[in-house]
Amino acid sequence: MDFKKQVVDTLIKVLPEEITEEQVTKLIEKPKTSDLGDYAFPTFILAKSLHKAPKMIAEELVGQLDTTGFEKVVNTGAYINFFLDKKAFSNAVIREVLTQKDNYGNADDGKGRNVPIDMSSPNIAKPMSMGHLRSTVIGNSIAKIITKLNYQPVKINHLGDWGTQFGKLIVGYKLWGSEEEVEADPINNLLKYYVRFHKEAEEKPELDDEARAWFKRMEDGDKEALALWTWFKELSLKEFQTIYDRLDVQFDHFTGESFYNDKMDAIVNTLEEKGLLEESRGAEIVDLSEYDLSPALIKKTDGATLYITRDLAAAKYRKDTFDFVKSLYVVGSEQAEHFTKLKIVLKKMGYDWADDIVYIPFGLITTGGKKLSTRKGNVILLDDVLNDAVNLAKKQIEEKNPNLKNKDAVAEAVGVGAVVFHDLKNDRRDSFDFNLEEVVRFEGETGPYVQYTNARALSILRKAGDVDYADATDVSVTDDEAWDTIKMLQNFPDVVERAAKEYEPSVIAKYVLKLAKSFNQYYAHSKILADDEGLKARLSLVKSVSTVLQMSLALLGVKAPEEM
RNA sequence: GUCACAGUGGCUCAGUUGGAUAGAGCAACGGUCUUCUAAACCGUAGGUCGUGGGUUCGAAUCUCACCUGUGACACCA
């Protein structure tokens, strides 16, 4: 059912010989609105060789075209506009969706190869903020999208579970904390010690020395230090898990920074062997001045390793373990330079697969135009946002549909769905200022709008009763009101492919909003459950729409309640 | 200061590879529930696409300069 090819084949017969099929395929575009046509061919490029005005060329070509198989072909200005045969097209598209079901849009680009995704990566003993939400939901959605193209995602939660901050935490806990307090509300209290540590350390710099000493003890394998660290880590993971459950996100590995502790020496040795390491100001670095970059700091003056050292080890480990085709890192855009350096150093080490490392940046979430900072206590807790969203959703249900069953479950799906969808709706590079009202919206271009559209579609299907969608011979719907919806359905596979290629969930989000809108327009203008010969075809369309709506929401990690 | 990213209606954003009168959603105003869920639909109003030059049949899109904003820039991650 390649309708574009039909257009190309028809065109190529009347075009000058020097124009190839490929060129034509590339030139074909889709008009902005359906009333202009379904496919269009711009004639501008012919103007030079034919020495005629594009408008005239279009006019002449239209006269020569064999228009069988099309509803009509007309020229509008310099464009040749093709109108597809609605009956054949809708029949083919709807049938395709109904038979493929959840496999609609699948492809085999990935051939089952591994693609590790570094995502979420919260810091132990710190609450998950809106920033972690972005990495989590973007990574999760990309994993689902590339799965449709038969890549095998490996979701890695690269926990921030090592570093000097644990020394600070231990100092803070020892000074101001107690076991009971921590057990009662682990992360909030640990955060409290951490924030207080930073405040007091401004006047008492000796606290920093103490913190460094405790971290040194951790690195040296000191029992007490490690016991506290393990305890903090376990408590944190438990709390993180409740959020991951709410978001319905699972990980394949929880290999944090500490996981690479015993893999650092090998990396440092290799760097040394390749003669890349030099000493500068007492630290060990890889010089990158030829790239106009500041050096990559491999070891601190005191011999401790740094961020990039660990990431080098992690990159190597992932290649060795997963033999990836691509290795993705869903990390905030402020770390762009880090990843540039990482790739350069790997390349210098002789690892060609450095080219397969893909950094997937996303924009910052700010409050009042300022960057969030855990240290300064300026955070937006993800858990709070989700709770607020769910409460608002519950209120909305009481207003709109008080007799709904499973109110709580639906409120959870709608509230969380609104937050997640909002985060994925726009280009991931856009940064935005946090605004609860903006994030938790239920009307317009929102997750709940799509969920609602699907719920209405399902409601129609329920009312229609048992229908066997497999046996219908003609499922064509030729209403003008349905045309945009049918074209959107046909577009889905291309959309999935583009989203995968660009690692951009917003492509799916934008698409599903448009599909929902076009279906709502159809819904508002046509009676679907009318008892006539077109009923089964219309129901098939509704069924197809709800299939694709649900699939799209699933690709974004948003739930689709049956009723709301 | 250097580098990176961004600047589209009051607000939040779309705008594949340059192409047909720059699209949505919120907010404003007006309309539509005895018929499939009004979290919906329809309409009105609102834009010299940061500024100035360049490339060409054609620029929101490419290029240069400038202005504005944000972020990164050696021992945090």
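We use all heavy atoms of the structure for the numbers below, so side chains are in, but hydrogens, waters and symmetry mates are not.
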Inset, instruction - Strictly below 4.0 Å, heavy-atom distances to any atom of RNA chain B: list the hits from residues 495-504 of chain A, or just say none. - result: A:Arg498
Legend entry - Spacing of A:Phe434 atom CZ and A:Met130 atom CE [to the nearest 0.5 Å]: 5.0 Å
Inset, instruction - Indicate the ring-plane relationship of A:Tyr511 and A:Phe492, choosing parallel, tilted or perpendicular according to the 30° and 60° boundaries. - result: tilted
Inset, instruction - Compare the minimum distances between each of B:A20, B:U37, B:U35 and the side chain of A:Ile460, then state the nucleotide with the smallest one. - result: B:U37
Legend entry - Nearest-nucleotide 5' precedence on RNA chain B, A:Pro295 against A:Arg456: A:Arg456
Legend entry - Contact residues, residues 399-417 of chain A to RNA chain B [heavy atom, < 4.0 Å]: A:Lys400, A:Val414
Inset, instruction - Check every strand shown and say whether A:Arg281 touches a base, only sugar-phosphate, or nothing at a heavy-atom separation below 4.0 Å. - result: base
Legend entry - Test item: A:Gln451 side-chain N/O and A:Ala413 main-chain N/O as donor-acceptor pair under 3.5 Å: yes
Inset, instruction - Looking at every strand, decide which applies to A:Ser526 at a 4.0 Å heavy-atom threshold: base, sugar-phosphate, or nothing. - result: base
Legend entry - Close aromatic pair by centroid cut-off 6.0 Å: A:Phe215 and A:Trp162: yes
Inset, instruction - Could you tell me which nucleotide pairs with B:G30 by Watson-Crick or G-U wobble geometry, both distances under 3.5 Å, or answer none if nothing does? - result: B:C42
Legend entry - Ring centre gap for A:Phe232 and A:Phe166 strictly below 6.0 Å: no
Inset, instruction - For A:Thr301, report the nucleic acid contact type (base, sugar-phosphate, nothing); a contact means any heavy atom under 4.0 Å. - result: base
Inset, instruction - With the side chain of A:Tyr452 defined as its heavy atoms from C-beta on, choose the nearest nucleotide among B:C75, B:A39, B:A72. - result: B:A39
Legend entry - Options B:A20, B:A72, B:A24, nucleotide nearest the side-chain atoms of A:Glu337: B:A72
Inset, instruction - Would you please indicate if the ring centroids of A:Tyr359 and A:Phe339 are separated by under 6.0 Å? - result: yes
Inset, instruction - Say whether, by atom type as modelled, one donor and one acceptor occur between the side chain of A:Thr309 and the main chain of A:Thr305 under 3.5 angstrom. - result: no
Inset, instruction - Sticking with atom P, work out how far B:G23 lies from B:G43, rounded to a whole angstrom. - result: 14 Å
Inset, instruction - For A:Thr453, report the nucleic acid contact type (base, sugar-phosphate, nothing); a contact means any heavy atom under 4.0 Å. - result: nothing
Legend entry - Residue A:Leu306, side-chain atoms from C-beta onward, closest of B:A77, B:C42, B:U37: B:A77
Inset, instruction - Would you mind telling me which of B:U37, B:A20, B:A39 lies closest to the side-chain atoms of A:Ala40? - result: B:A20
Legend entry - Nearest-nucleotide pick for A:Glu445, side chain only, options being B:A77, B:C26, B:G25: B:G25
Inset, instruction - From the options B:A39, B:C36, B:C73, select the nucleotide whose nearest atom is closest to the side chain of A:Pro448. - result: B:A39
Inset, instruction - Calculate, to the nearest 0.5 Å, the distance between atoms CG and NZ belonging to A:Leu169 and A:Lys126 respectively. - result: 9.5 Å
Inset, instruction - Remember a base hit wins even if backbone is also touched, and classify A:Ser459 as base, sugar-phosphate or nothing at under 4.0 Å, heavy atoms. - result: base
Inset, instruction - May I ask you to check whether A:His198 and A:Tyr193 place their ring centers less than 6.0 Å from one another? - result: no
Legend entry - Watson-Crick or G-U counterpart of B:G71, or none if no pair lies under 3.5 Å: B:C3
Inset, instruction - Give one of base, sugar-phosphate or nothing for A:Lys514, where a contact means two heavy atoms less than 4.0 Å apart. - result: nothing
Legend entry - Minimum-distance pair of heavy atoms, taken over all atoms of A:Ala516 and A:Tyr449: CB-CE2, 3.7 Å
Inset, instruction - Between A:Arg212 and A:Lys341, name the one whose nearest nucleotide on RNA chain B is closer to the 5' end. - result: A:Lys341
Inset, instruction - For A:Lys425, report the nucleic acid contact type (base, sugar-phosphate, nothing); a contact means any heavy atom under 4.0 Å. - result: nothing
Inset, instruction - Scan A:Gln335 against the nucleic acid and name what it touches under 4.0 Å (heavy atoms): base, sugar-phosphate only, or nothing. - result: base
Inset, instruction - Would you mind pulling out the nucleotide paired to B:A59, Watson-Crick or G-U wobble, both distances under 3.5 Å? - result: none
Inset, instruction - Look at all strands and tell whether A:Ala336 reaches a base, only sugar-phosphate, or nothing, counting heavy atoms closer than 4.0 Å. - result: nothing
